[in-house]
Amino acid sequence: MAAGARQAGPGAAVLALLAAWLALAGSPGEQRSRVWVLSAANWSLVLQGQWMVQFYAPWCPACQQIEAAWENFAKESEHLDTTVGKVDVTQEPGLSGRFFVTTLPTIYHAKDGVFRRYRGSRTSDDLQSYILERKWEAVEPVAGWKSPSSIMMHGMAGLFHFSGWIRQIHSYFTGTLGIHVWGSYAIFILATLLIGLILGLILVLIADCLCPSKSRYREEASVELIEKENAELTAVEEVEETEELSENELEEAAEEKEDISGGEDGAKSSEEANSSEDGSEEDSAVEEGSGTEETEDICEQHPIDSETQSSVRQRKSQVADNGL
């Protein structure tokens, strides 16, 4: 028993070392056989040179069937001037999202950053003839917006990576913490509702800032109209004030002209008055002269009248005496 254990000890150590070497050989970025294991860290190597890349999953039966053919194709890749790689979608969900992988296995041909989907037979000979006969030139390349290096596919890669992160959290809840599957679903539902409410509130605030409501718009419009009307009223008042000022100025100018003309007329009237006064004095002097002459005539006539009257009386008395 002890000898058997001693003999088994070195064999077990060799097996452990071999398993460790295989694990290191299969790590991302390292070359296992002739097939490059690609990851999110080194996928940009595909943008240079000619590549054939397979997307697979360990549980996929179709992927397991073509594994040997893919290895043989990789061995012949040196003669084809082509690099052969593969991506485990269970380990690299972001990279599978970048290439928008929906079926397994999925094979892409890449030539200097231009990608084409391979849809032919998956045997080693057909894969080699696809490269040797340059059949890929007859295949339409992937559109620019769907190219793995485009901005849109960057977002798709982030979305797939997020889904993989959620799957890991679900596994942690159910495996490590021992939470029931429905309990994990309930946690995700509550978290989704809470995140949705927060995002919705943020969107509402942004929308309210960018596109205000109609009532607020009406208030702002009414305020603007009032301000506009006030501005128009002030402008009209200013125009009226300027018109009034111009009218007052015209009136003042007219009054000044009237005052000037009135002064001239006054001077003329004073001169005329002075001349009339002089004329009236002369007339009065003439009238006074004529008046004195009349009084003198009257005074001269009075004694004549008295003498005639006395003579008439004497004649009457004589007649009366003669009659007797």
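Scope of the values below: all heavy atoms of this structure, side chains included, with no hydrogens, waters or symmetry mates. Model, not experiment: these values are computed from the prediction.
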Practice problem: Using the test side-chain hydrogen bond (donor to acceptor under 3.5 Å, both in side chains), find all partners of Glu140 that sit at least two apart in sequence or belong to another chain. | Solution: none
Quiz item: Any chance the rings of His170 and Tyr185 have centres within less than 6.0 Å?
Solution: yes
Quiz item: Near Leu203 CG, under 6.0 Å, is it more than 12 heavy atoms from other residues, nucleotides or ligands?
Solution: yes
Exercise. Indicate yes or no for a side-chain donor-acceptor contact from Ser147 to the backbone of Gly144 under 3.5 Å, with no hydrogens or angles considered.
Key: no
Exercise. Check Trp70, Trp43, Phe99 against Phe55 for a ring pair (Phe, Tyr, Trp, His ring centres under 6.0 Å) and give me the one that passes.
Key: Phe99
Quiz item: Is any side-chain heavy atom of Ile131 closer than 4.5 Å to a side-chain heavy atom of Gln50?
Solution: yes
Quiz item: Counting distance only, does the side-chain N/O of Asn230 pair as donor-acceptor with the main-chain N or O of Ile226 below 3.5 Å?
Solution: yes
Quiz item: Any chain of hydrophobic side-chain contacts (each under 4.5 Å) joining Val87 to Tyr108?
Solution: yes
Quiz item: Using the ring of each side chain (for Trp, its six-membered ring), is Phe188 parallel, tilted or perpendicular to Phe173, with breaks at 30° and 60°?
Solution: tilted
Quiz item: Considering only heavy atoms from C-beta outward, does the side chain of Leu80 approach that of Tyr130 to under 4.5 Å?
Solution: no
Quiz item: Can you get from Val89 to Ile66 by hopping between Ile, Leu, Val, Met, Phe, Trp and Tyr side chains that sit under 4.5 Å apart?
Solution: no
Quiz item: Is there a donor-acceptor contact under 3.5 Å from the side chain of Arg116 to the main chain of His109?
Solution: no
Exercise. Return the minimal non-hydrogen interatomic distance between Arg34 and Ala74, and the atom names on each side.
Key: CB-O, 3.3 Å
Quiz prompt | Gln128-Ser124 side chain donor-acceptor pair, cut-off 3.5 Å | solution = yes
Quiz item: Between Met156 and Leu38, is there a shared hydrophobic cluster once you connect ILVMFWY residues whose side-chain heavy atoms come closer than 4.5 Å?
Solution: no
Quiz item: Under a 4.5 Å side-chain heavy-atom rule over Ile, Leu, Val, Met, Phe, Trp and Tyr, are Leu45 and Leu95 clustered together?
Solution: yes
Practice problem: State, to 0.1 Å, how close Met153 and Trp145 come at their nearest heavy-atom pair, and which atoms those are. | Solution: CG-O, 4.0 Å
Quiz item: Between the side chain of Tyr56 and the main-chain N/O of Trp59, is any donor-acceptor distance below 3.5 Å?
Solution: no
Quiz prompt | Pairwise distance OG(Ser150) to NZ(Lys146) - rounded to 0.5 angstrom | solution = 10.0 Å
Exercise. Assess whether atom CG of Asp81 is packed by more than 12 heavy atoms of other residues, nucleotides or ligands within 6.0 Å.
Key: no
Exercise. Output yes when a side-chain donor or acceptor of Glu92 lies under 3.5 Å from a complementary backbone atom of Ala40, and no otherwise.
Key: yes
Quiz item: Same cluster or not: are Leu177 and Ile166 linked, directly or through other Ile, Leu, Val, Met, Phe, Trp or Tyr residues, by side-chain heavy atoms under 4.5 angstrom apart?
Solution: yes
Practice problem: Identify the heavy atoms of Lys135 and Ser129 that sit nearest to each other, and give their distance. | Solution: NZ-OG, 3.7 Å
Quiz item: Is there a donor-acceptor contact under 3.5 Å from the side chain of Asn42 to the main chain of Ser39?
Solution: yes
Quiz item: Which pair of heavy atoms, one from Ala57 and one from Leu104, lies closest together, and at what distance?
Solution: CB-CD1, 3.6 Å
